[in-house]
Amino acid sequence: MINVILPWKNAMRRPARFWLTCLSIVVAFYLFTVISAINTALEASGTDNNQYRLMTTHKICITSSLPIHYGQKIKALPEVEKVTHVSWFGGFFRDESNQLHAVAVEPESYQLIYPEYLLTAEDRINWNRLKSGMVVGRKLAEKHQWQVGDKVPIQSTIWLNNDSGSFTWEMEVAAIYDTATPDTINSMLFLRHDFFDEARAYGRYEASWLVAKARVGSNTEALSRQIDQLFANSPAATRTTTEQVFIKELARQFVDLSWLLRLVVLAVFFTLLLIASNSMSQSVRERMNELAVMKSLGFSSDMLATLIYMEALYMVLAGAILGVICAAVSIDLVQMKFATFLPGIHIDPVTYWKVGGIAVVLAAVCCLTPIIRIYRLGISHTLRT
Amino acid sequence: MENGIALQNISKIYHKGSNKVVVFNDLNITIDKGEFVALMGPSGSGKTTALHLMGGLDRPTAGEVLVGNKVISKSSEAELTRWRARHVGFIFQSNHLLPVLSAFANVELPLALTRLNKVERRKQVATALALVGMSERANHLPRELSGGQEQRVAIARAIVSDPDILLCDEPTGNLDRKTADAILSLLHILNRDFGKTIVMVTHDAKAADVATRVINLEQTINDNADIAIPEAMA
């Protein structure tokens, strides 16, 4: 018990110092956890579903469109099983702070390639029947309290609607989808490409990207090259990659600062180490007399070192736990915002173990100096001073 | 010496920069088991150094420190630590209680080094606190106690593990006369009724009165001889 209670009481002798040091630890672990979550999201794109999904975009720029009929040529390749086309709609609901991750898709082929978005047979029939119907993820529906049958005006920042003469697109909620895995985004909005194509004022018969589902076991790298060769000399040359690479590249447009953030995290951890070490040294220096008394009572240097280590561990663990909690809350908050680029951004369980491991090591390093002092402590000399 | 304490041919030299400070040169003191000895002498005569040598808190430059049959001056740090936990209780001028622990927890501290279970520990702490008359204040923090009460708790901490030897470094130095007398009579009881060997460093002649023998360290160094106190003072 003494190893548990005494270090805690010692740590809380000066609560202001404890919590201020803790704060620097919180920042370091917060950054570490958030960056780990981003990396997890980037690395988690290689699922069974998407390892054979190939994304074809315009070679020059992802914002340039491709003719929809490219899909037919791609589908003709022997190693391609299915093809679908997707157009980026974007947009927002009511005000620009409610940004939507909306894409126009061809329902039937899209669902065959993306089975992770779960729809019932009834939902499918409903969507096929309703041209202006949209399918939304449950999370998005819950956020805006949408129900099937609701008519919702969606504002586009890109596409002018010929029918309304404005950027407003009125659509009806045809279905609400669930997801097969937690990594799948459940805040998307899908509208029908035919409805979108007919009503948009420009860019008809074009799509933002095409998705081909390669046959299982096929060489996706070779197939990607094959697809790009098909359109090499056309006005809209293509660039094909696996979906995993596509998502990573797309995400990096927004979060390519991750390498820089890693450096920042390293710098923060280094600074934190100095702060925490200084705090621990100061704390122990203030009570060398007490430690000398404990030694005179029969406490060995090892036992005192354990007590000091526990004290440092409390401080680092408190900071680490708070940092992880803050990171979890903020990741939850930005999940909707980054859903398209970082699907399934979440804190991996491995991160918790890493945080624990770092905390244990960090506590050991930051109490190294005081522990050395304890081993060198001359009882008689200390008691006289 | 019957299983008591013996400082044999002790030299102690401190180095302060390039200067050497000789505290003792060939000091010999023997204290029998069950004695209550007052170590007296002017400041700088080495009273505290001698006490620390007896408790294994410091090592002589030359000579041997025997406690019982053990030559503690040759023991390793780890052995000394274990030995202190079992055989020696310290009482300091400034009581050095841990400010974050209650009186009870402070007294319990040395028992954390034993194999006693919680119930046994609590029982022993309660006995020690009762002996020094501090049962009522068991749950108080040191800052909530007076100087005399703190010193009583320090005594309880020193005796809780039932050591053979109590080494006291001016235990009444910071106390008023009345409180000091109460502490001294407590030490007297511990010596008389519980057979503890007590070595007490003091400047106070009245405090020395309760001891069974006074060793004037200045004279001891000069004459290398103990002074037996008159029968009447014992």
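A, B, ... follow the sequence lines: proteins, then strands. Residue 1 opens every chain. All of these numbers come straight from a predicted model, not from anything done at the bench.
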Engineer: Measuring from atom CG of B:Leu101 to atom CD of A:Glu290, what distance do you get when rounded to the nearest 0.5 angstrom?
Structural biologist: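 Here the interatomic distance stands at 9.0 Å.
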Engineer: Could you name the residues of residues 298-307 of chain A that have a heavy atom within less than 4.5 Å of a heavy atom in chain B?
Structural biologist: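 Near chain B, by residue number: A:Gly298, A:Phe299, A:Ser300, A:Met303.
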Engineer: Is it the case that more than 12 heavy atoms not belonging to A:His381 sit under 6.0 Å from its NE2 atom?
Structural biologist: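 No, NE2 of A:His381 has 12 or fewer neighbouring heavy atoms, counting only those of other groups under 6.0 Å.
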Engineer: As an exercise, state the distance from CG of A:Leu383 to CG of B:Asp169, rounded to the nearest 0.5 Å.
Structural biologist: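 Rounded to the nearest 0.5 Å, the CG-CG separation comes out at 8.5 Å.
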Engineer: Considering residues, nucleotides and ligands other than A:Tyr375, do more than 12 of their heavy atoms fall under 6.0 Å from its OH?
Structural biologist: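 Yes, the 6.0 Å shell around OH holds more than 12 heavy atoms from other groups.
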Engineer: In Å and rounded to the nearest 0.5 Å, what is the OG1 to CD1 distance from B:Thr81 to A:Ile379?
Structural biologist: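 Interatomic distance, B:Thr81 OG1 to A:Ile379 CD1, rounded to 0.5 Å: 6.5 Å.
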Engineer: What heavy-atom pair brings B:His96 and A:Asn289 nearest, and what distance separates the two atoms?
Structural biologist: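 Between these two residues, the closest heavy atoms are CE1-OD1, 3.5 Å.
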Engineer: For A:Leu297 and B:Leu113, work out which heavy atoms get closest and say how close.
Structural biologist: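 Looking at all heavy atoms of both residues, the shortest contact is O-CD1, 3.5 Å.
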Engineer: How long is the straight-line distance from CG of B:Leu109 back to CE of A:Met294, given to the nearest 0.5 Å?
Structural biologist: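 With rounding to 0.5 Å, CE (A:Met294) is 4.5 Å from CG (B:Leu109).
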Engineer: Mark yes when over 12 heavy atoms from residues, nucleotides or ligands other than B:Arg59 sit less than 6.0 Å from its CZ; otherwise mark no.
Structural biologist: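 Count over threshold, so yes.
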Engineer: Pick whichever of B:Leu53, B:Thr48, B:Leu57 has the most heavy-atom pairs under 4.5 Å with chain A.
Structural biologist: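 Ranked by heavy-atom pairs under 4.5 Å with chain A, first place is B:Leu57.
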Engineer: If a pair satisfies side-chain hydrogen bond (donor to acceptor under 3.5 Å, both in side chains) and one of its residues is in residues 307-316 of chain A, list it, with sequence neighbours excluded.
Structural biologist: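 Those involving residues 307-316 of chain A are A:Ser283-A:Glu311, A:Arg287-A:Glu311.
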Engineer: Heavy-atom cut-off 4.5 Å, strictly under: side chain, backbone, both or neither for B:Thr49 against chain A?
Structural biologist: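 For B:Thr49, backbone and side chain are both near chain A.
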